[in-house]
Amino acid sequence: MVVVYLITMLICLLIFGFAAVTLLDIFVTQPALEAEAAENGDTTSDEEETVDYSSATETILFVGADGQDINAIVLLRVNPQEGSIAIVPVSKYTISTVDSSSGTMETLFDLGGMSYLKTAVENAFDLTCDKYIKITNDGWAELVEYTGGMTSYVFPEDLYYKDEESGDLTSFYAGNSTRTLWGDDIRRIVTYPLYSNGEQTRVQVIGEIAVALINDAFDTNSENMKANIQNIFNTIYNNSDTDITSKTFSSVRDAYEYMLETASSPATYRMPHGEWNSSGYFELDEGAAEEIKEYFGLNSILEE
């Protein structure tokens, strides 16, 4: 009996001893260690650290063109970390130079294709285009399908045009769009030849449409775009003259997915300052390039 009693007492001591040590660790030792860590500046927590995507910031030259017919030229400065897309619409009648050749963007494109056009844009705005895309009409229509179309555009004036396939006359009236606009609609709007103020209005329309399309996509269709981000790349790659490759796409994919998860209405646009000469060509003001670089946040990068 004595032996059984001693064994029972020993077991009880072990159980209560373990419980005491555990409670001491929970209520005394761990709080003391955490307080010491806080005093030493160790703020490590269970929360996942935010990933820095600033290296994915890039300037993209985006051109809509089938063959040699330019529909639109747009400079995009995409900053996934800040959730912003800065847009500059560029008239195809903007004057620039490439080596010993000078002329409009359209003329230089006719001379040397996207290589010349990219260099012409870089020279005009004194910046580097990290990537370029020249997408076909079919590719553009497919791309807009993934964005969900454009619903918030405000027409600056009445537009009338003949449908290319049926020959029927179609019209859009000044004011808010009454339906979702898709790729072919947008292409017809940006190439409309009869704006009351000609090319000047057309270029502004390109900027406004780019903002409306992107912001609608982020605000109402971001989950679908994220789910189809590989298909979006495939659409661009298969329907464009572009220097974007699977490798370069993979290097920024996470950043773009992060942007689709976190950004809301990321797009803004700014018109470049300049003058339209008597020939109908656009000449940038002396400080126009510097202003665009500041808008893109490039001046601070160069200063660093």
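All values below were derived from every heavy atom in this structure, side-chain atoms included, with hydrogens, water molecules and symmetry-related copies excluded. Positions are given from 1 along the sequence.
- To the nearest 0.5 Å, atom CG of residue D158 and atom CG of residue L194 are 12.5 Å apart.
- Taking hydrophobic clusters as Ile, Leu, Val, Met, Phe, Trp and Tyr residues chained together by side-chain heavy-atom distances below 4.5 Å, I133 shares a cluster with M225.
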Any chance you could lay out the salt bridge (charged side-chain N to carboxylate O under 4.0 Å, His left out) test for R179 and D185, step after step, and finish with the verdict?
CA-CA 11 Å; R179 64 173 177 82; D185 296 318; 3.0 Å; yes
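- Below 30°, between 30° and 60°, or above 60°: for W276 and F282 the angle between ring planes is between 30° and 60°, a tilted geometry.
- A side-chain donor-acceptor contact under 3.5 Å links T245 and T248.
- Side chain to side chain, T235 and E142 meet the donor-acceptor criterion of an N or O pair below 3.5 Å.
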Report the C-alpha distance between V203 and M271 in whole Å, list the side-chain angles of each, state the deciding distance to 0.1 Å, and finish with yes or no for side chain to side chain contact (heavy atoms under 4.5 Å, CB included).
CA-CA 8 Å; V203 177; M271 296 286 288; 3.8 Å; yes
Side chain to side chain contact (heavy atoms under 4.5 Å, CB included) between I73 and L117: does it pass, once the steps are laid out?
CA-CA 10 Å; I73 304 171; L117 181 57; 4.2 Å; yes
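- Annotation: Y237, atom OH; neighbour count of heavy atoms from other residues, nucleotides and ligands within 6.0 Å does not exceed 12.
- Using modelled atom types and a 3.5 Å distance limit, the side chains of D99 and S101 yield no donor-acceptor pair.
- Between V205 and Y153 the shortest heavy-atom distance is CG1-OH, 3.4 Å.
- Relative ring orientation between Y160 and Y173 is described as perpendicular, the plane-to-plane angle rising above 60° on a 0-90° scale split at 30° and 60°.
- Using a 4.5 Å cut-off between side-chain heavy atoms of Ile, Leu, Val, Met, Phe, Trp and Tyr, with links allowed through other members, I135 and L181 fall into the same hydrophobic cluster.
- Under the 4.5 Å side-chain heavy-atom criterion for ILVMFWY residues, a single connected hydrophobic cluster contains both L260 and L213.
- Distance check: I292 CD1 to E290 CD gives 10.5 Å after rounding to the nearest 0.5 Å.
- A salt bridge is absent between E223 and K226; no separation between the charged side-chain nitrogens and carboxylate oxygens falls under 4.0 Å.
- Separating the CD1 atom in I87 from the CG atom in L75 is a distance of 10.5 Å, to the nearest 0.5 Å.
- For D184, the salt bridge (Lys or Arg N to Asp or Glu O under 4.0 Å) partners at least two apart in sequence or on another chain are R187.
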Take S265 and F218, measure what side chain to side chain contact (heavy atoms under 4.5 Å, CB included) needs, and give me the verdict at the end.
CA-CA 6 Å; S265 296; F218 271 80; over 6 Å; no
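- Remark: Y146 OH to I232 CD1 distance equals 7.5 Å, nearest 0.5 Å.
- Residue V90 is grouped with residue Y281 when hydrophobic side chains (ILVMFWY) are merged at heavy-atom distances under 4.5 angstrom, including chains of intermediate members.
- Heavy-atom neighbours of E294 CD from other residues, nucleotides or ligands within 6.0 Å: at or below the threshold of 12.
- Here the closest heavy-atom approach between residue A267 and residue V211 is recorded as O-CG1, 3.6 Å.
- Side-chain atoms of N123 and S96 form no donor-acceptor pair, as typed in the model, at a separation below 3.5 Å.
- Considering CD of E145 and CG of N228, their distance stands at 11.5 Å, rounded to 0.5 Å.
- A124 approaches L284 most closely through the heavy-atom pair O-CD1, 3.5 Å.
- Residue pairs meeting the ring pair (Phe, Tyr, Trp, His ring centres under 6.0 Å) criterion with at least one member in residues 79-104, sequence neighbours excluded, do not occur.
- Note on residues 189-203: pairs passing side-chain hydrogen bond (donor to acceptor under 3.5 Å, both in side chains), not counting sequence neighbours, are S91-E199, E157-S196, E199-R202.
- Atom CD in E106 sits 5.5 Å away from atom CD1 in I70 (nearest 0.5 Å).
- For Y256 and Y258, the ring centers are positioned 6.0 Å apart or more.
- A donor atom on one side chain and an acceptor atom on the other are found under 3.5 Å apart for N71 and N137.
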Decide yes or no on side chain to side chain contact (heavy atoms under 4.5 Å, CB included) for Y53 and V252, but give the supporting numbers first.
CA-CA 8 Å; Y53 290 117; V252 297; over 6 Å; no
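- Note: the hydrophobic cluster containing V121 does not contain V190 (ILVMFWY, side chain heavy atoms under 4.5 Å, direct or indirect links).
- A donor and an acceptor atom, one from each side chain of T107 and T104, are located under 3.5 Å apart.
- Side-chain contact check for D216 and S152: at least one donor-acceptor pair (N or O, by modelled atom type) lies under 3.5 Å.
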